[in-house]
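The next block holds one structure in the form of structure tokens; read it before the comments.
Note that this is a predicted model, so its numbers are computed, not measured.
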Amino acid sequence: MIGVTFNIHYDATYSERYDDLHKALERFGIEEARTTSCLFLNTDDARAVETALYGALDYRKDKAVVFTTYQHTFKYFGPT
């Protein structure tokens, strides 16, 4: 399982880049997306996720971290 945490710079094209990010990562099977800045994907292909992010975000102003998780266990706190 791959996790992606991100920070999209808020400006005139924020919504477009946020939508592009989700569209680019949907093919990996988003397992958890309850927050606006962290996704968990049902894939082990970190390189493919990284490549998908390059097409969705503007790396002159946006940030992303791709990481591998070793358990498929989620703990969620807060309202649903």
task = Answer yes or no: is there an ion pair linking Arg47 with Asp45, defined by an N-O contact shorter than 4.0 Å?
result =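 Looking at Asp45 together with Arg47, the answer is no, because their closest N to O distance does not fall below 4.0 Å.
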ask   = Any idea which heavy atoms bring Phe28 and Ala52 closest together, and the distance?
value =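 That closest heavy-atom pairing would be CE1-CB, 3.9 Å.
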Nearest 0.5 angstrom please: [X] [atom1] to [Y] [atom2], how far?
{"X": "Leu39", "Y": "His22", "atom1": "CG", "atom2": "NE2", "result": "5.0 Å"}
{"X": "Leu21", "Y": "Ser37", "atom1": "CG", "atom2": "OG", "result": "11.0 Å"}
{"X": "Tyr18", "Y": "Thr13", "atom1": "OH", "atom2": "OG1", "result": "15.0 Å"}
{"X": "Lys63", "Y": "Leu53", "atom1": "NZ", "atom2": "CG", "result": "15.0 Å"}

query = Counting only heavy atoms not in Lys61, do more than 12 fall under 6.0 Å of its NZ?
reply =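 Enclosed.
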inquiry  = With salt bridge (charged side-chain N to carboxylate O under 4.0 Å, His left out) as the criterion, how do Arg17 and Asp58 come out once you've worked through the C-alpha distance, each side chain's angles and the decisive distance to 0.1 Å?
reply    = CA-CA 8 Å; Arg17 295 191 321 278; Asp58 182 342; 5.5 Å; no
Using side-chain heavy atoms (C-beta onward) and a distance below 4.5 Å, is [X] in contact with [Y]?
{"X": "Val65", "Y": "Phe6", "value": "no"}
{"X": "Leu41", "Y": "Val4", "value": "yes"}
{"X": "Thr69", "Y": "Ile2", "value": "no"}

ask   = Passes side-chain contact (heavy atoms from CB on, under 4.5 Å), Asn7 versus Asp62? Steps please.
value = CA-CA 6 Å; Asn7 182 328; Asp62 303 326; over 6 Å; no
message = Ring-plane angle category for Tyr14 and Tyr10, please: parallel below 30°, perpendicular beyond 60°, tilted otherwise.
response =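 If you compare the ring of Tyr14 with that of Tyr10, the planes turn out tilted.
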message = Once you measure the plane-to-plane angle for Tyr59 and Tyr54, does it fall in the parallel (<30°), tilted (30-60°) or perpendicular (>60°) bin?
response =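 Rings of Tyr59 and Tyr54: tilted, as their planes differ by 30° to 60°.
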